[in-house]
Amino acid sequence: DRCADVWVWRSGTMFARILFLAALCVSAQAFAPMTPVKSMARSTPAPVALRTPSNHRSVVQMGNNAKFGIFSPAVLAAKAILGDKQLNKLRGKGISLHSQAITEWVVYVGASSYQRGMLIKKAKNNGDALGFLV
């Protein structure tokens, strides 16, 4: 109901506003064209012009080269509400907690520090593809 949405916006807390904007952005993203993922790939090979070389290594992106993903609208809304400084602080805390969880898991299973580094790199690439780094 539109009246309920306006009531939450005017009388709600900052958390309620962020939650409302995130829900609005995510629901709008549902109507955007979906990018294919590996599990949805065709069984036939891609045309030669679309193939990537087999010796191509993943490149870690720095700066503002992040991809637009499914969570990008929510991140952009949070950036508009919180500001760059607060968003980067929150993002840094999330990345730190995720890296700690990866490290604890690596210690638990007895994997090498190289594998730990590769898992953290994979988490960064996945976060970029999902749109957390815009």
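- In terms of hydrophobic clustering, with Ile, Leu, Val, Met, Phe, Trp and Tyr side chains grouped at heavy-atom distances under 4.5 Å, V106 and M118 are assigned to different clusters.
- Here the options are I102, I95, L97, the test is side chain to side chain contact (heavy atoms under 4.5 Å, CB included), and the partner is S99; only I95 passes.
- Note that CG of N126 and NE2 of H98 are 9.0 Å apart. Values are rounded to the nearest 0.5 Å.
- In this structure, K85 NZ and K89 NZ are separated by 7.5 Å, a value rounded to the nearest 0.5 Å.
- The distance from the CZ atom of R116 to the CG atom of L119 is 9.5 Å, given to the nearest 0.5 Å.
- Here the shortest heavy-atom pairing between S72 and G69 reads OG-N, 2.8 Å.
- Between the CD atom in Q115 and the CD1 atom in I120 there is a gap of 12.5 Å [rounded to 0.5 Å].
- When the side chains of ILVMFWY residues are joined at heavy-atom separations under 4.5 Å, either directly or via intervening members, L130 and L87 end up in a single hydrophobic cluster.
- No donor-acceptor pair closer than 3.5 Å links the side chain of E104 to the backbone N or O of A101.
- Here the closest heavy-atom approach between residue F68 and residue L76 is recorded as CE1-CD1, 4.1 Å.
- Distance alone, capped at 3.5 Å, is enough to place a donor-acceptor pair between the D128 side chain and the K67 backbone.
- In this structure, R91 contributes its side chain and F132 its backbone to a donor-acceptor pair below 3.5 Å.
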From CA spacing to verdict: side chain to side chain contact (heavy atoms under 4.5 Å, CB included), L133, F71: CA-CA 9 Å; L133 303 179; F71 292 105; over 6 Å; no
